[in-house]
S.K.: 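Okay, here's the structure, questions in a sec.
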Amino acid sequence: MTRQRLHRLLQAGLALGAFALCFGVISGARAQTELLNVSYDPTRELYREINAAFIADWNAKNAKKISTIRQSHGGSGAQARTVIDGLNADVLTLALAGDIDAVAERSKKLPLDWQKRLPQNSSPYTSTIVFLVRKGNPKAIKDWGDLVKPGVQIITPNPKTSGGARWNYLAAWAYAEKAFNKDEAKVRDYIGKLLANVPVLDTGARGATTTFTQRGIGDVFLSWENEAFLALKEFGEDKFDIIVPSLSILAEPPVAAVDGNVDAKGTRAEAQAYLEFLYTPKGQAIIAKNYYRPRNPEAADPKDIARFPKVELVTIDESFGGWAKAQPTHFGDGGTFDQLYKPAR
Amino acid sequence: MSDASLPYQIEDLAPARAARRIKGESRIVQFALVGVSLAFLCLFLFLPLISVFVEAGARGWQAYREAILEPDALAAIRLTLLVAAIAVPFNVIVGLAAAWAIAKFEFRGKSLLISFIDLPFSVSPVISGLVFVLLFGAQGYFGPWLAANDIKIIFAVPGILLATIFVTFPFVARELIPHMQSLGSADEETALTLGASPWRTFFTVTLPNVKWSLFYGVLLCNARAMGEFGAVAVVSGKIRGLTNTMPLHVEILYNEYMGAAAFAVASLLAGLALVTLVLKTVLEWRFADAIAASRRH
């Protein structure tokens, strides 16, 4: 290669780099109203539909249009962590109040009483925890008690990073408290045995779902109800069965606008309207369609509502004194999970 | 300094002697060795690679096209190309400078510098990502200042760029250093004595001498820049259509039960790997002499 050609090559490289840089800066600076919804793992399909409906609704009524609603998904705890570290979320739609509490405490971008700002604990939908088993239920798993039988492999994500896993854990705890009449030693023994049957802890619910459904690991998957229904829909009803235990927990995944971010971006009105849209009949119908339990069942298609089995549900506030108490007791450093979980050696 | 002619004389002799020794072994050993390597390659390389393309085409050409032309996928491809287009030239320049300094000059702490250049290889990519969160995150050392000045690094393109540059930094420098060291400085000294300016020496003597190593370095650097997952995953924030690179997009699609689409995007990445491989092979074959004279691996 001659010197000139090398020169030219170098120049071309530099020009390309400079061009790319400009391109990046320009595309970053283009002003459009965008919202960023930082959510937990299983809501991908739900918010894809909600976003389309909300944008159509908002743009029909307002002069200031919304171009896109961006989504980010991951384990609820991990998502909270990235927002604390500076991810510029307009709204948080996480798996449990404790994770938004953590954002409020550590980033100070929203008030500590954020959960009072929207109806029903700021949770426009609820869900619960059910068991997903392989077709025909070969290990005969009917209830929580069957999970601690030897040889049963349980799939659940890591409660440290996943919201769903924390609901799983507390649902199991609530069952054990009832079954053993609040005998703490027996409850702990039960949970310890249950955790000993878990071969792998994924960081988020969706990762755990793929572990169970696609990688074929485990006999029973402790799952969000919506995630279990979705797995049936994606893989066919001939692959898995949903088992509803005798008792489960009322999971309230809350939503909140991040004041510090929406005020800096000037998107408060949009963010607020977005969250309120979830409570509208249209929003509630989409929620039910995506296997979440709507707060207002009348708004939804009765066929969607009929899919939800009746099950006795305990609440986090009554049984565990709310997330502010449950979080440090069970999932904080040195909490019951740390005490009882001993990874297989 | 000018003892550089020695190493590659040894190199030239070594393969011939080694080949003779292997031919001397019994044919069974030879077959066994070849068989084991082939089986290994099939199991761990070709089979997975083929399965990527098979899965990608499982739902037909139309689905493949749709998966790649979908806006979020296009955004991921654009971002990946953008990151590579900045990270690779940057690492070429810095890598050249570092290799030049190490190969042509004697200074204190030289071996330390070489070790530091290797650091990104020995550090887990998760750590490579987390250090930037620690530095530039909202709770990090520079976080409050960056926020006050409305500069976004983490969970935006600059953060992805930083992480990629960090992870791909050693490729160019590592290719160049042994080559430049083996060449010594005799050519440059001659050019300088004959009155060439330092820049001219660089462009007419040094650069042409190392062009093949440089090219290898660029190829490898580019492949990794486009393929990096771990470090980028930590600093990306995973905003679809904004801070998702191709590898992250593949994971997201897979997790959304869109296996065919995931593998369609993955096949692009695998295609890149194949192009790299082909380029490398063609070069090796075409310029075998030039390369053999200067390379060790």
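Throughout, a chain's letter reflects where its sequence line sits, starting with A, and its residues are numbered from 1.
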S.K.: Given the options B/Gly140, B/Ser236, B/Ala138, which has more heavy-atom pairs under 4.5 Å with chain A than any of the others?
M.R.: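 It is B/Ala138.
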
S.K.: Taking only Lys NZ, Arg NE, NH1 and NH2, and the carboxylate oxygens of Asp or Glu, determine whether A/Arg81 and A/Asp99 approach each other closer than 4.0 Å.
M.R.: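 Salt bridge between A/Arg81 and A/Asp99, a charged N being under 4.0 Å from a carboxylate O: no.
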
S.K.: Could I get the full list of salt bridge (charged side-chain N to carboxylate O under 4.0 Å, His left out) partners for A/Lys233, not counting sequence neighbours?
M.R.: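 Listed in chain order: nothing, the list is empty.
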
S.K.: Looking at B/Ile77, B/Val83, B/Leu272, which hits side-chain contact (heavy atoms from CB on, under 4.5 Å) with B/Met246?
M.R.: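 So the option named by the test is B/Ile77.
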
S.K.: When heavy-atom pairs shorter than 4.5 Å are enumerated against chain B, which of A/His73, A/Arg106, A/Gln79, A/Glu234 gives the highest number?
M.R.: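 Maximum pair count with chain B is reached by A/Glu234.
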
S.K.: Quick one: what part of A/Gln71 sits under 4.5 Å from any heavy atom of chain B, side chain, backbone, both or neither?
M.R.: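 Contact with chain B: backbone and side chain both.
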
S.K.: Take a 6.0 Å sphere around NZ of A/Lys265 and say whether it holds more than 12 heavy atoms from other residues, nucleotides or ligands.
M.R.: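 For A/Lys265, atom NZ is crowded (more than 12 foreign heavy atoms under 6.0 Å).
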
S.K.: What part of B/Ile252 is in contact with chain A, defined as an atom under 4.5 angstrom from a non-hydrogen atom: side chain, backbone, both or neither?
M.R.: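 Both backbone and side chain.
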
S.K.: Go through the atoms of A/Leu36 and report whether side chain, backbone, both or neither lie under 4.5 Å from a heavy atom of chain B.
M.R.: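 Contact with chain B involves the side chain of A/Leu36 alone.
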
S.K.: Where does A/Thr210 contact chain B at under 4.5 Å (heavy atoms): side chain, backbone, both or neither?
M.R.: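 When you check distances to chain B, only side chain atoms of A/Thr210 fall under 4.5 Å.
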
S.K.: Going by an N to O cut-off under 4.0 Å, is there a salt bridge joining B/Arg240 and B/Glu256?
M.R.: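 Salt bridge present between B/Arg240 and B/Glu256.
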
S.K.: Heavy-atom distance under 4.5 Å to chain B: side chain of A/Asn88, backbone, both or neither?
M.R.: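 Contact with chain B: side chain only.
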
S.K.: Need one label for A/Glu45: side chain, backbone, both or neither, based on atoms under 4.5 Å from any heavy atom in chain B.
M.R.: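 Side chain only.
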
S.K.: Out of A/Gly86, A/Ala231, A/Ala264, which one racks up the most heavy-atom pairs below 4.5 Å with chain B?
M.R.: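 Ranked by heavy-atom pairs under 4.5 Å with chain B, first place is A/Gly86.
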
S.K.: Using ring centroids (six-membered ring only for Trp), state whether A/Phe212 and A/Phe240 fall under 6.0 Å.
M.R.: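 Yes, ring centres under 6.0 Å apart.
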
S.K.: Determine all donor-acceptor pairs shorter than 3.5 Å in which one atom belongs to a side chain in residues 226-235 of chain B; sequence neighbours excluded.
M.R.:
| from | atom 1 | to | atom 2 | distance (Å) |
| --- | --- | --- | --- | --- |
| B/Glu228 | OE1 | B/Arg224 | NE | 2.8 |
| B/Glu228 | OE1 | B/Arg224 | NH2 | 2.9 |
| B/Glu228 | OE2 | B/Gly230 | N | 3.3 |
| B/Glu228 | OE2 | B/Ala231 | N | 3.0 |

